[in-house]
Amino acid sequence: MTDVDVVVVGAGVTGLTVANRLHAAGRRVVVLEARDRVGGRLLTEDHEGVRLEVGGQWVSPDQTALLALLDELGLEMYSRYRAGESIYIGRDGVRRTFEGEKFPVSAGTAAEVERLVKEMDRLAAQMDPLEPWEHPDAEELDRISFAAWLAGQTDDPEARDNVGLYVGPAMLTKPAHSFSALSAVLMAASAGGFSHLVDADFILDRRVVGGLQRVPLALAARLPDGAVHLDEAVTKVEWTDGGATVLTGRGSYQGRHVVLAVPPTLVSRVQYVPALPPVQAQMRQHISFGLVIKLHVTYETPFWRELGLSGTAFSPYSLVHEAYDNTNEDVEGETRGTLVGFVSDVKADALLALDPETRKRRVLEALAAYYGEQALTPVHYYESPWMADEWTVGAFGTSFDIGSLTRYGRHLRSDVGPLAFASSDIAGLGFQHVDGAIRMGEAVAARILDQ
Ligand code: FDA
């Protein structure tokens with residue numbers, strides 16, 4: 001049996017942040033990771049000679065915890081390519097180009113979108129994202145789906161579809177009828193306001209040279225040799241008020257504290273002896289992962305740039321609701337161009353029901369509607385596999401079903417005896433983002449050091 005001060009379960013950014021902060025303060029830590037690598041939802045991989053960021057990749061200016069860590073680790077960033085016009089396909093099926101962040105819709109729709117964005121900004125400004133249940137309208141907003149809330153705000157379907165897009169397919173990756181208006185406000189508040197979510201140049205601002213997975217790799221490298229155990233899925237935690245024994249298929253680890261640095265959905269996959277208190281077990285049955293397929297499509301050249309296009313494309317009515325130029329500007333001599341696109345929620349269900357060749361054809365046809373016929377002939381095509389990966393089972397992150405944020409949210413970050421819970425999915429600022437993972441990791445480490 002290995003005896004340490006703190007056993008950390010999960011070597012994503014959250015777990016590695018906890019371990020780093022505790023190690024720096026002189027605590028003995030061990031990190032147990034189910035996968036054969038560190039990084040969790042961050043993964044930079046070479047696929048047939050194309051380097052891809054399979055999971056998280058973008059850094060935005062509001063993510064100050066991540067920016068500070070990048071600085072601490074000496075990692076550099078570069079801007080996403082964004083020169084030229086963007087593309088929008090409207091409800092009428094017509095493709096239009098535009099500049100700036102406002103979609104080229106009718107004047108009436110544009111006014112409605114602006115009004116709704118202002119209203120969402122107002123609601124988000126009233127919320128501390130760490131305590132959404134304290135919002136003055138929390139009860140009311142948590143009882144109604146975001147889709148129903150939008151329908152109550154405007155009769156303009158294209159305005160609803162566009163505002164719904166920013167939170168539904170693009171962020172929580174669930175249909176807007178399946179999460180509450182309060183969850184939508186939380187998403188906005190966690191990013192510093194709804195206006196940030198609608199501004200792709202803000203929210204998808206920069207990338208890390210070499211890929212965002214360099215963050216967990218660098219954090220792991222700062223721990224003592226042997227502190228991170230790969231291929232060790234935790235199956236059971238036996239606990240008392242004084243400490244816990246953590247069991248994997250390969251060993252057992254005794255700690256005064258245990259940090260479950262895994263998404264809330266995976267907390268429940270571990271057996272606890274004694275069982276977790278009822279509210280803890282109930283709560284996590286009301287949390288689920290969203291579903292989004294992140295697509296990387298690489299071409300011989302970034303042909304859209306020659307057409308005066310930035311590569312940015314949106315349409316609530318397309319299979320691929322958003323797409324961007326994702327060319328690796330940091331790879332010397334790179335002449336190919338890569339587009340990244342997303343297929344979300346019910347559209348992802350339908351796509352996943354098809355065979356791989358049909359899926360690819362449907363995606364390329366959707367891209368061709370944005371960028372023209374050249375989009376039909378890529379040199380490389382890749383779909384991120386998170387929804388079938390047993391140590392994530394979805395993407396990007398998890399969120400509550402309707403009514404549950406007010407019912408259970410306040411228990412999310414409560415410790416149970418020596419057990420603490422942390423992940424980007426239960427963050428306030430940086431919710432569902434790497435920034436939130438760092439904030440949660442730092443908060444848990446500080447709490448343990450205080451005891
Ligand atoms: P994470 O899930 O990364 O880590 C948990 C770890 O626990 C995993 O390594 C898992 O294997 C391990 N584990 C689980 N159960 C275990 C058990 N029983 N025993 C041992 N280990 C166990 N964010 C962002 O900031 N910018 C972006 O652009 C994006 N984009 C994006 C795209 C895609 C496709 C995805 C999937 C995600 C993003 N994100 C993102 C979100 C971001 O990647 C995510 O919020 C953080 O990486 C989560 O870090 P955590 O450490 O909290 O969880």
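Hydrogens, waters and symmetry mates play no part in the numbers below; they use all other heavy atoms, side chains included. In this text the structure is predicted, and so the values were computed from the model without any measurement. Indexing begins at 1, ligand by ligand and atom by atom, following the structure's order.
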Starting from atom 3 (O) of ligand 1, locate the nearest protein heavy atom and write down its residue, its atom name and how far away it is, to 0.1 Å.
-> R41 N, 2.8 Å
Of all the non-hydrogen atoms in the protein, which one sits nearest to atom 19 (N) of ligand 1, and at what distance?
-> V234 N, 2.9 Å
Shortest protein heavy-atom distance from atom 24 (C) of ligand 1, along with the residue and atom involved = H433 CD2, 3.4 Å
Of D205, D201, D330, which meets salt bridge (charged side-chain N to carboxylate O under 4.0 Å, His left out) against R80?
-> D201
Ligand 1 contact on L266 by region, counting heavy-atom pairs under 4.0 Å = side chain
At what distance, to the nearest 0.5 angstrom, does CG of L419 lie from CG of L276?
-> 6.5 Å
Is R362 salt-bridged to E383, cutoff N-O under 4.0 Å?
-> no
Is R41 positioned over the aromatic face of W391, cation under 6.0 angstrom from the ring centre and no more than 45 degrees off axis?
-> no
May I ask whether T392 places a heavy atom under 4.0 Å from ligand 1?
-> no
Distance filter under 4.0 Å to A395 heavy atoms, resulting ligand 1 atoms | 36 (C)
Counting from 1 in the order shown, the ligand 1 atoms closer than 4.0 Å to a non-hydrogen atom of L42 are 43 (O), 47 (O)
Report yes if the distance between the aromatic ring centroids of H286 and F400 is under 6.0 Å, otherwise no.
-> no
Heavy-atom proximity to atom 38 (C) of ligand 1 ranks first, among G15, G56, G10, for G56
Is the shortest distance from a heavy atom of G55 to ligand 1 less than 4.0 Å?
-> yes
Got an N/O contact under 3.5 Å between Q63 and ligand 1?
-> no
So N326 and H296, side chain to side chain donor-acceptor pair (under 3.5 Å) or not? Walk me through it.
-> CA-CA 8 Å; N326 210 29; H296 277 98; 3.0 Å; yes
Between E45 and R51, is there a side-chain N and carboxylate O pair less than 4.0 Å apart?
-> no
Do any nitrogen or oxygen atoms of E33 come within less than 3.5 Å of a nitrogen or oxygen of ligand 1?
-> yes
Would you please say whether a donor-acceptor pair under 3.5 Å links the side chains of Y253 and H229?
-> yes
Using distance alone, determine whether T14 and ligand 1 share an N or O pair under 3.5 Å.
-> yes
Aromatic plane relationship, F314 with F98 - under 30° parallel, 30 to 60° tilted, over 60° perpendicular | tilted
Among all protein heavy atoms, pick out the one at the shortest distance from atom 46 (C) of ligand 1; state its residue, atom name and that distance to 0.1 Å.
-> S424 OG, 3.8 Å
Enumerated ligand 1 atoms positioned under 4.0 Å from heavy atoms of E232 | 20 (C)
Do we get R305 above Y81's six-membered ring, with its NZ or CZ under 6.0 Å from the centre and within 45° of the axis?
-> yes
Is it true that R256 and D3 have a side-chain N and a carboxylate O under 4.0 angstrom from each other?
-> no
Is the closest heavy atom of L32 to ligand 1 under 4.0 Å?
-> yes
Check whether any N or O atom of V13, backbone or side chain, sits under 3.5 Å from an N or O atom of ligand 1, and answer yes or no.
-> yes
Give yes if a backbone or side-chain nitrogen or oxygen of V270 is under 3.5 Å from a nitrogen or oxygen of ligand 1, and no if not.
-> no
Go through the side-chain N and O atoms of E76 and Y78 and say whether any donor and acceptor fall under 3.5 Å apart.
-> no
Separation of F396 CZ from S424 OG (nearest 0.5 Å) = 12.0 Å
N or O contact, A34 vs ligand 1, cut-off under 3.5 Å = yes
Counting from 1 in the order shown, the ligand 1 atoms closer than 4.0 Å to a non-hydrogen atom of V9 are 17 (C), 19 (N), 20 (C)
Within-cut-off N or O pair, S423 and ligand 1, under 3.5 Å = no
Ion pair E238/K236, N-O distance below 4.0 Å = yes
The answer for which part of S384 has a heavy atom under 4.0 Å from ligand 1 is neither
Proximity to ligand 1 by part of W386, non-hydrogen separation under 4.0 Å = side chain
What atoms in ligand 1 come closer than 4.0 Å to a heavy atom of V54?
-> 34 (C)
Cationic tip of R284 above F421 ring, under 6.0 Å, 45° of axis | yes
What's the shortest distance from atom 28 (O) of ligand 1 to any protein heavy atom, and which residue and atom give it?
-> W58 N, 2.9 Å
Atoms of ligand 1 under 4.0 Å from any heavy atom of V262, numbered from 1 in the order shown, are 7 (O), 13 (N), 14 (C), 15 (N), 16 (C), 22 (C)
Give a yes/no on ligand 1: does A233 have at least one heavy atom closer than 4.0 angstrom to it?
-> yes
Is R439 salt-bridged to D435, going by a charged N under 4.0 Å from an acidic O?
-> yes
Would you say ligand 1 has an N or O under 3.5 Å from any N or O of D435?
-> no
The atoms of ligand 1 lying under 4.0 Å from a heavy atom of R35, numbered in the order shown, are 8 (C), 9 (O), 10 (C), 11 (O)
Side chain of D121, backbone of F194: donor and acceptor closer than 3.5 Å?
-> yes
Does G39 come within less than 4.0 angstrom of ligand 1, counting non-hydrogen atoms of the residue?
-> yes
Taking the non-hydrogen atoms of Q57, is any one of them nearer than 4.0 angstrom to ligand 1?
-> yes
Test of ring centre spacing under 6.0 Å for F202 and W58 = no
Does ligand 1 have any atom that is closer than 4.0 Å to a heavy atom of L204?
-> no
Per-atom contacts of ligand 1 with Q432, taking only distances under 4.0 Å to non-hydrogen atoms = 41 (C), 45 (O)
Just need the protein heavy atom nearest to atom 4 (O) of ligand 1, so name the residue and atom and give the distance.
-> G12 CA, 3.5 Å
